Every structure is written in structure tokens, then in C-alpha cells.
Amino acid sequence: MALSFILRGEDQQTPMIAPDSNAPSPAVLSLSGSPRYQNNNPNIEGQTFSSLDAPSPSPEKKPRGYSSGVPDADAIDHALKKERFNAEHPLFHDLAPEDSYKDGVYWADLPGSERRSWVNTQNHTEVMREVKHVWGMFKKDPLSPLSVYTKKYVMGGFGLFTEGYTLFSIGNLGALYKAVWPLCWKTHQVCDANWVAAVDYLQIIGIILGQILVGIEGDWIGRKAGLVQDALVMTIGLVMLTASWGTSLEGWVICYGFSQFFYGIGVGGEYPMTSTTAMESKSVAGSQKDDKLHRGRNVVLAFLMQGWGQLFNQGILIILLLIFHHSANPPYSAVSAQWTFRVSFAIMAVMTLWLAYFRFYKKKYSSAALKKSKKNSRVNQSGYDLHSLKLVSTHFAGRLIGTTMGWLFNDFLFYGNKLFASTFINIISPSSAGNVVTTWNWNLVNIGVSLVGYYLAALLIDHKFYGRKRMQIIGFLGDGVLFLIAAIWYKELSTPQHIRGFQTIYYLSSFFQQFGPNCTTFLLAAEVFPVSVRATAHGLSAASGKVGALLPAVIYNYVDTRTRFWIVWPFGIAGVIVTMLFIPDTTGLDLREQDRYWAFVREGRANEYHGIAVHPRHLSWWEKFVLKRHLQYDAEKDRHQRVKELKMLWEQRKNAAAEEREHEEEHEEEGELSHGAFHHFNAIHEKQATPSNSSTIAE
């Protein structure tokens, strides 16, 4: 058999069986750290399948399930049949964990009213559990909840914090540059207009390059290499931005632009690395139950550090300008502008250098499990899993279209949001024309609205009746409709009498951007793909998004503001269509199960998989109505497959005791083979070794 590993935590091996029974068994299982199965039914203590099977044949006949004393691989456990599978079965909690099943039935298979009741009860129970847990922590130490939050999410998303700070700073400083050096940045009398425009283009190109290259590197070499490299590249880029100079204004602009390009490479790598690490890290993901119930929240809470970086940057810029200019009012001197932008970059350079230190010396990684995944797929440890990449582009082609195009439409809409600010600020505060601080103050309000959207997304993204897919659809639809309203009634809304309505649309579009596609595209681009090429697929999707950011940066130079609204709103509707067609709803789906399905796909036997990864609930419209993959789903057949796989794991666990001792320093969490399952198969083995025992042994 080929034993693959799903990347689920730092030094955490979560076994999964690939269907190739002829492949070698190179991996090692460890049960250390796994929770012990609590048997709530004393009547089945020590029982095996044989005591729950159909009656054994008469002694005269060869016992069913045996061939020369060896268990028959085709034997059927009658207790796994739908009408008989219940809590009496020794492997009930392994095959039907309570966080996803009710009385042995998968939650998505429950009747409508019963499903709603089960989901609402689970959500209420989990909320109360978490509230009690946080309150208990607070009573012992009022700062402990903040400490845990910082360790889990702030540190996990700190790279995006630095990225949000710097990229937002670059955008904000553009207004200051135009106010201080208008002949260069505004009228282009002393600077070539192409070089000024190239500042934005070079930044985006650098980000695209980093997203693709570091995404590949993360799957090829490992997550740690990608994350440490990102921090170092961003540190050098920030030093270059801080020290950028030239013998003329145009020379400085050119140096500034290439510094942004270099910094952008590091920023681009943060997207695939942060997403995959937040999803896979034990310190964030925790147990398998926590992963299924809160995986989306774990990723989004790391991702929203981008918003906190923007808020921190805006506050720093306002404070620095007030310090060096001694006032918020124009005109601003070149000296105050120089000090403001250079010190703002220098502050983040120090913080990013510390991040590189933390990632190299302090942070723990899951790359060991990624290497085991390569080993079990017979990929060289230092090599790249090209076979899986090819399969992703074919078997999951629809998903790749959904994540790449969804991110492209999202970033195009994000630039549409920026169209509002300059219009309503000039009307609301006509006396503040040219006042950079006024613009920055309004940006602070918009960032606050965005953070509300981020946190609400984290709150609802794991709710089974809302989830990622519906959140993305509603976010795209909300933005599309809002931009359409702005396009139709632009003249009326841009008058002093109705400008508040225009401003409201601005803030609502920011809210739906975060409480929608900006968070979900970041999560889904990693979640819907297998571990061996997860970072690559995420990098490609994110790079497509930056193409979406590049398009309006070019197009908007040639059309007026109202025309821009007419151009941007269809991208919201297109995002709705692409999401509905190609994005699966993975809310509540165990990623171990998804990677178990991938093992079958990789062996060319996808049609033999019958588990919940092909449940209609977790497939896109394309996969259901065109590819018909939902027809493979069969809960009863899947139970038989999983029991055989568990027994194969047990056999390997028994045969690998010596090798396991060599790896006993690795601390692992929950695996597919629980203590209950392990001892159950031991009992089978002992009965099988007894010659007088003629009971049926089912796989």
C-alpha cells in the first residue's frame, strides 16, 4: 500500500491510505499524543467485528473471511450496513465522529429540518464552549486571551501586517508626493509620465513574480524556506525604499520604482506562504475537530492582519507628518516629506527584520509532513510533485478557473472602491483641497469599516449555512450592485445634496469587499487543492488577482470617473457567476478526507472513491452537473473502504515499531488510527491467532 500524509500540523502526521496496494510502505505511524478513545458503552468493551457480524457459518464449512488462516480482503462487515451501523460498532467514533455525524449519518445527508437543528445546536454548543473557555482564561489571567490570540493569529499573519503597512503606505504617500513635487508626480514636467506610472506597475509585477515563484518554492523546498526568504527580501526592499535617492527627481522616481519591484517579490511570496501555513500549522489549526469547525476562521484571522497593518501605517504617517511639518495644513516642505516617508519605511524595516529572525529561530513548521507526502507519492525529497500539478490542472481544472478568475475579479473591484474617495472628499471638504491629512483621516474611517468586515467574515465563514461560497457570492453581488448604482446616478450622488449617499456606498463597498471575496479568495485558493501543490495553486490564483489589479491601473488612465464605474460593476456579477459554477463549498469538510480523495485521484482510481469529498454539498456546480462526480458518493461503501484502510494502518503500525522509536522525538497530534481502533485491531489479531476461533473477521 502507499501511505500518504495530510499536512495538518507542526510535526503532525495524519495518515491517509492511497489505493495502490502494490506500492511500498515507507512511512511511519505514531500514536503518541493522540487522545485515547473513551468507550461509553461497557457492553461492547473488547468486542471485535466478528461479534457484530452476521452469524458465522457452520463448523463444517470454511469460515467466511478466511483463506488458509488469512483474513479475506473481500469479506464484508455486516455491521457497517446502513440499517445496522450504530454506536454499538467498535469503530463507530472513528468512522462517524460526532463533529460531522449524527447517529452515523453525515450532517449534509440529514433531512432539511433535522440538518438545520443539528447545525444550530452544534454552533450554539461550540460558541458556549469557547465563551466558557475564554472566560476561564480571563479569570486566571486577564491578559491570557490576548496572549493566545497574539500567538495564534498575530504572529501567523505578521507578514501580511508588514505587507499591508508598506503597500498602503506607498499608496498614501502618492498624495503627499503630488502635493510636494507636483511638477514630477502631477504635471510630469520634470519627470517622465511613464516612469511615474511605472511605480505602480513595477510593484504589481514584483508581487506577481513573488506569488508564483515562492508558491512553487514552498511546495518544492518547504514552507520555512519560503517564509524566511520572504521576510529577508521584504527587509532589503524596505531598506532600499528608505534609502532611495537620485541625482534628479526622475532618478529618484526610477530608484523608488525598482525598490518597490524588489519589495513586491517578498510581498507576493507572503500570500501562498501565510495561507498554507495558517491552514496547516498546529499552533493555529489545533485539533482535527477545531480544524473542521474553525479552519476558515483561523486563516481569516491571520489574513486580517493586513487590515491592522493598513491602520497602523495610516496612524504612523499622520503622526510623522505632524511631527516633521508641525501642522496638518499645506504647503508641505520637501524636508518634512522626506523625513515622513523615509522614517515610515525604516520603522517597518526593523519590524520585518525581527520577523525574519522569528521565522528562522523560533517558529515551528509543518514541512516535515510535506516531505512525507512527497515520499509516499514517490517524489524526490528535494523535488517537485509535477504529477500532482498536472492532475490539478486537469482533474481540478474547474477549481483552478474558479480561484484564479475569482481573485482577478476581486482585485479589479478593490480598485473600483478607490474611485469614491477623491470625489466625495472634494465635495464634503472643499476647503481642504490639497490637504493630505484630511484624505488620510477619511482613509482611517474606511479602514475601520473594512476591519468590521474582516471580523464578521471570520465569525461566519465556518457556519455551515453561510460559509465560504455563499459569503463570496454575496460579497461579489453586493459590490456589483453598489457600483452599478454609482454608475447610474453618478451625477446626482456627486452633488452636495446627495454626497452622503455616495459616501455610504463607498463604505458599504469596502465592507462587502472584506466580508466577501477578499477573505474568501485567500482561503479557498489553498483549501480546495491538495497539500503537495497547495502553495503553487494559491500563488497562481493570487498572481491572477494582481493581474486584476493591474488592469484598472492601466484602463482608468484613459476614462473619466463615471465611465470607470460602468466598467467595474460587471466584474462583481462575473464573480458571482464564476463562484457559483466552479467553487466548491468546503465548509466543514475534513481536509484529511479531501486529501484521501486526492490519493485515489493520483493513482488514477478517482471513480473508486466514495467518501464525503465527493458529497454533492462539497462539489461545485461544474463538478456536479457536468462531471457528475457526486454519483460516486456512497456512505456505506466508504465505510467499508475506511475500515480496510484503518486495518492497513494498524498492520503498518505494528510492523514499524522499531522505526517509530527513531522518530519518537516528533510530537504528533490526532491521526486516522485512534487508540480505540488500534486496540480493536489488536483484539482481532489475537482472536485470529487462536486456532479454535472460527468467528468471521471482516476488514
Side-chain angles (χ1 to χ4, degrees), residues 160-161 163-165 167-172 174-175 300-301 303-315 317 406-407 409-429 438-461 471-487 489-490 493-494 498-523 545 548-549 552-553 556 561 564-565 567-569 571-573 575-576:
L160 289 174
F161 174 87
E163 174 262 348
Y165 176 99
L167 293 189
F168 199 70
S169 178
I170 290 169
N172 284 329
V300 171
L301 287 177
F303 177 63
L304 64 78
M305 288 304 298
Q306 183 184 65
W308 283 110
Q310 295 173 2
L311 186 69
F312 182 62
N313 168 256
Q314 194 64 88
L317 285 180
W407 209 322
F409 298 149
N410 170 64
D411 275 26
F412 201 107
L413 286 169
F414 182 77
Y415 269 74
N417 178 264
K418 296 183 178 181
L419 300 175
F420 291 94
S422 59
T423 301
F424 78 74
I425 289 174
N426 291 336
I427 296 174
I428 292 176
S429 307
T438 299
T439 302
W440 289 352
N441 285 334
W442 284 113
N443 283 342
L444 274 176
V445 178
N446 189 44
I447 297 169
V449 172
S450 297
L451 282 171
V452 172
Y454 276 120
Y455 278 101
L456 279 178
L459 182 66
L460 291 177
I461 201 164
M471 182 179 291
Q472 183 160 305
I473 290 172
I474 293 175
F476 271 130
L477 184 62
D479 274 346
V481 170
L482 289 167
F483 289 136
L484 178 60
I485 293 172
W489 290 289
Y490 178 76
L493 289 170
S494 58
H498 302 99
I499 195 62
R500 295 296 181 183
F502 193 78
Q503 189 179 14
T504 301
I505 294 175
Y506 168 57
Y507 290 132
L508 283 175
S509 68
S510 292
F511 172 80
F512 279 109
Q513 188 80 33
Q514 311 310 331
F515 185 61
N518 200 40
C519 288
T520 56
T521 52
F522 184 82
L523 168 64
Y556 290 172
T561 303
R564 294 172 185 175
F565 282 118
I567 291 173
V568 71
W569 79 266
F571 283 83
I573 307 305
V576 171

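Keep in mind it's a predicted model, so treat the numbers as computed, not measured.
In this structure, CE on Met471 lies 12.0 Å from CG on Asn518, to the nearest 0.5 angstrom. Here the straight-line distance linking atom CG of Asn172 with atom CH2 of Trp440 works out to 6.5 Å at 0.5 Å rounding. How far CG of Leu493 is from CD1 of Ile499: 7.5 Å, rounded to the nearest 0.5 Å. With rounding to the nearest 0.5 Å, the separation of CD in Gln310 from OG in Ser169 is 11.0 Å. Annotation: the span from Phe515 atom CZ to Leu456 atom CG amounts to 5.5 Å, rounded to 0.5 Å. Rounding to the nearest 0.5 Å gives a distance of 12.0 Å between OG of Ser510 and CD1 of Ile505.
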key: Verdict with reasoning, Ser450 to Phe511, per side chain to side chain contact (heavy atoms under 4.5 Å, CB included)   = CA-CA 5 Å; Ser450 297; Phe511 172 80; over 6 Å; no

ask   = Going through the distances and angles, do Phe312 and Phe161 end up as a ring-ring contact (aromatic ring centres under 6.0 Å, His included)?
value = CA-CA 9 Å; Phe312 182 62; Phe161 174 87; 5.8 Å; yes

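In this structure the side chain of Leu523 never reaches within 4.5 angstrom of the side chain of Phe303, judged on heavy atoms. Contact annotation: the side chain of Gln314 never approaches that of Leu311 to less than 4.5 Å [non-hydrogen atoms, C-beta and beyond]. Under the 4.5 Å side-chain criterion, counting only non-hydrogen atoms from C-beta, Phe522 is not in contact with Leu304. A heavy-atom distance below 4.5 Å is found between the side chains of Trp442 and Gln503. No side-chain heavy atom of Trp569 sits under 4.5 Å from any side-chain heavy atom of Leu482. A 4.5 Å side-chain heavy-atom check between Val445 and Asn441 finds every atom pair outside the cut-off.
Closest approach of Gln472 to Thr520, counting heavy atoms only: OE1-OG1, 2.6 Å. Contact detail for Thr521 and Trp407: the closest heavy-atom pair is O-CZ3, 3.6 Å. Summarising the geometry of Asp411 relative to Ala549, their closest heavy-atom pair is CB-N, 3.8 Å, with the distance given to 0.1 Å. Contact between Gln514 and Cys519 at its shortest, heavy atoms only, is O-SG, 3.2 Å. Of all non-hydrogen atoms in Leu301 and Ala458, the two that sit nearest each other are CD2-CB, 3.8 Å.
One side chain, Gln306 or Tyr454, offers a donor N or O that lies under 3.5 Å from an acceptor on the other. Between Tyr507 and Asn446, the side chains place no donor N or O within less than 3.5 Å of an acceptor N or O (distance only, hydrogens not considered).
Note on ring orientation: taking the six-membered ring where Trp is involved, the planes of Phe565 and Tyr490 are tilted (angle from 30° to 60°). Note on ring orientation: taking the six-membered ring where Trp is involved, the planes of Phe409 and Phe476 are perpendicular (angle over 60°, cut-offs 30° and 60°).
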